[in-house]
Amino acid sequence: MARVKDYGNAELEEKLQDTSYYADDANPQFLEDVKKLSRTAANMCFQCGTCTGSCPSAPRSSYRIRLFMRRGVLGLEKEALNDPDLWLCTTCYSCTDRCPRDLAPTDVIMAMRNLAFKVDIVPRNFLKTVQLIYKTGHGVPNNDVNRAARVKLGLPADPPTTHSYPEFIPGIQKIMDFYKMKENADRILSEGEQ
Amino acid sequence: MSGNMRQYAFFLGCIAPNRYPGCEAAAIKTSEKLGIELLPLKGASCCPAPGAFGAIDLKVWYALAARNLVLAEEMNMDITLICNGCYKSIWEVNHILKHNDELRDGVNEVLAEVDMEFKGSIDVWHLIELYYDEKICGVEKVRASVTRPLTGTKIAPHYGCHLLKPKKERHFGDTENPMWFEELIDALGAESVQYRNKMQCCGAGGGVRGFDLTHSLDITNEKLINVQEVGADAITEFCPFCQLQYDRGQVEIAEKFGQVYDLPVLHYNELLGLAQGMTPQELALDLHAVDCKTFLEKIL
Ligand code: SF4
Ligand code: SF4
């Protein structure tokens, strides 16, 4: 029979079970939100640093993926979401392929970015892409130079996407409106201009 | 078309059709010679961009990618595509929604608003994996289609990130030093070359190119240094976004860092097109920021 390990001290046992970090700026819910959105067990990180050692962004900036993993575990929500380094991950997944705990640090970053957007923290270029897709269906729309080149190649001037079938655009807008994405993007962009 | 052609819905994405249309034209023509027919996926949109878009709200990313998938489900046809970023969105969302009922129900709730339903009835393939797959095409068939071998050229492979990684969710095996793309390059009569840190990212992804161009280009510059070091005549990849980063990036790197490489950057389909006898005009190579002349002189 397996032996139950314990200290024979109920109060101490309860404390040991509780893995949350208590500090004025810690929010244990942050870790739970990150885990749900990233679909990875972020709390399992043991801070080995393999991720940072694999990261193409690390040698040329102060961005440290291991630090964001730690902030997740400790529930340091504000510190994580307000750090502009959050947006320096190229999502190359090198860290994810090498993490000895089989975690997905890349998806932790994606989750934190999603949470940042919820509190209006987001670089402008991301919002511009949202606006373009809302308007045209494409993040990188066609232009006249390209249209001329396409015709020379024997292709239609506009590809058979929403560019040739704009009747599909209202459906795309409906989907984005369902999540209020365009509305929020417009609002954040216009507030930034004030 | 003839009965022994395999048909796929061709998901174009944005950068190939709207910046490097030669990739689109080449994909259609070169695949035809390999028994693969690419049919238009009418009304498709941006995949949408996994970094710039998924970073903001994953739920919208799932839903918009699912809309593209449903268009192909309605054609009853598997999707093929020529961009790693598109692969990340279209393949991965298909995979996630097929295996996660909660997310799939959420997506179907919003798709119902536009009279669509994600059924999970099709598969998604990168064209390069179809080329490599013996059951579909295979390296020998690629080799047999070559009429103008790229003899005497040294070509550096760039795998990019989102086709192979994260490896536990993909089916391409090793991501530290894969060699299958080299086989496809060598099949064209060219010599593939190895260089330091081959698997490093191009630097464009995750919205970093738009957020901090200098940072993004610094990553690209490191790759260019490593490629130049081994005397490559060109870089080849299978992702138009990597292509844009290496090609237009060289102009930006010259301006910002004062380093000049003049290293032509060609999508594998453009390279295959050249090897199958297509002219530079038929591939719109003049739209490339880096002149491909030095490379073309070696093979034409
Ligand atoms: S590699 Fe994995 S376990 Fe190691 S620090 Fe990074 S996330 Fe944590
Ligand atoms: S996915 Fe992001 S954090 Fe991970 S190694 Fe790549 S750039 Fe760094």
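The analysis underlying the following values was restricted to heavy atoms, covering all of them including side chains, and did not include hydrogens, waters or symmetry mates. By convention in this document, chain letters (A, B, ...) are assigned in the order of the sequence lines, proteins followed by strands, and residues within each chain are numbered from 1.
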In terms of heavy-atom proximity below 4.5 Å to chain B, should [X] be classed as side chain, backbone, both, or neither?
{"X": "A:L88", "answer": "both"}
{"X": "A:F178", "answer": "side chain"}
{"X": "A:T106", "answer": "neither"}
{"X": "A:M110", "answer": "both"}
{"X": "A:L155", "answer": "side chain"}
{"X": "A:N184", "answer": "neither"}
{"X": "A:R98", "answer": "side chain"}

Checking [X] against chain A: side chain, backbone, both or neither under 4.5 Å from a heavy atom?
{"X": "B:E176", "answer": "side chain"}
{"X": "B:L111", "answer": "side chain"}
{"X": "B:L103", "answer": "side chain"}
{"X": "B:I56", "answer": "both"}
{"X": "B:E113", "answer": "both"}

State, to 0.1 Å, how close [X] and [Y] come at their nearest heavy-atom pair, and which atoms those are.
{"X": "B:C201", "Y": "A:T90", "value": "SG-OG1, 3.3 Å"}
{"X": "B:G206", "Y": "A:R113", "value": "O-NH1, 2.8 Å"}
{"X": "A:F126", "Y": "B:G207", "value": "CZ-CA, 3.7 Å"}
{"X": "B:G43", "Y": "A:F168", "value": "CA-CD1, 3.4 Å"}
{"X": "B:L287", "Y": "A:A149", "value": "CD1-CB, 3.6 Å"}
{"X": "A:I133", "Y": "B:P48", "value": "CD1-CB, 4.0 Å"}

According to the interplanar angle, ranging from 0 to 90°, do the rings of A:Y93 and B:H162 count as parallel (below 30°), tilted (30 to 60°) or perpendicular (above 60°)?
-> perpendicular
Backbone N/O of [Y] and side chain of [X]: donor-acceptor pair under 3.5 Å:
{"X": "A:N114", "Y": "B:L58", "value": "yes"}
{"X": "B:R19", "Y": "A:P141", "value": "yes"}
{"X": "B:N18", "Y": "A:N146", "value": "no"}
{"X": "A:R150", "Y": "B:P17", "value": "yes"}
{"X": "A:K128", "Y": "B:G210", "value": "no"}

Distance (rounded to the nearest 0.5 Å) between [X] [atom1] and [Y] [atom2]:
{"X": "A:N125", "Y": "B:L213", "atom1": "CG", "atom2": "CG", "value": "10.5 Å"}
{"X": "B:M278", "Y": "A:L153", "atom1": "CE", "atom2": "CG", "value": "8.0 Å"}
{"X": "B:D115", "Y": "A:K174", "atom1": "CG", "atom2": "NZ", "value": "7.0 Å"}
{"X": "B:D218", "Y": "A:R60", "atom1": "CG", "atom2": "CZ", "value": "4.5 Å"}
{"X": "B:K165", "Y": "A:T96", "atom1": "NZ", "atom2": "OG1", "value": "9.0 Å"}
{"X": "A:C92", "Y": "B:M199", "atom1": "SG", "atom2": "CE", "value": "10.0 Å"}

Name the option with the most non-hydrogen atom pairs under 4.5 Å to chain B; the candidates are [options].
{"options": "A:E167, A:K152, A:H163, A:R147", "result": "A:H163"}
{"options": "A:C89, A:G154, A:P170, A:A185", "result": "A:C89"}
{"options": "A:S94, A:P166, A:P84, A:A116", "result": "A:S94"}

Residue pair A:S164 / B:K42, side-chain donor-acceptor N/O under 3.5 Å = no
Check this for me: [X], atom [atom1], are more than 12 non-hydrogen atoms of other residues, nucleotides or ligands nearer than 6.0 Å?
{"X": "B:K59", "atom1": "NZ", "answer": "no"}
{"X": "B:R196", "atom1": "CZ", "answer": "no"}
{"X": "B:K168", "atom1": "NZ", "answer": "yes"}

Hey, which of [options] has the most heavy atom pairs under 4.5 Å with chain A?
{"options": "B:L164, B:N197, B:V208, B:I219", "value": "B:I219"}
{"options": "B:L41, B:N100, B:I96, B:D212", "value": "B:I96"}
{"options": "B:Q281, B:H215, B:K88", "value": "B:H215"}
{"options": "B:P40, B:S45, B:P166", "value": "B:P166"}
{"options": "B:L12, B:V60, B:I15, B:V114", "value": "B:V60"}
{"options": "B:G54, B:A49, B:A204", "value": "B:G54"}

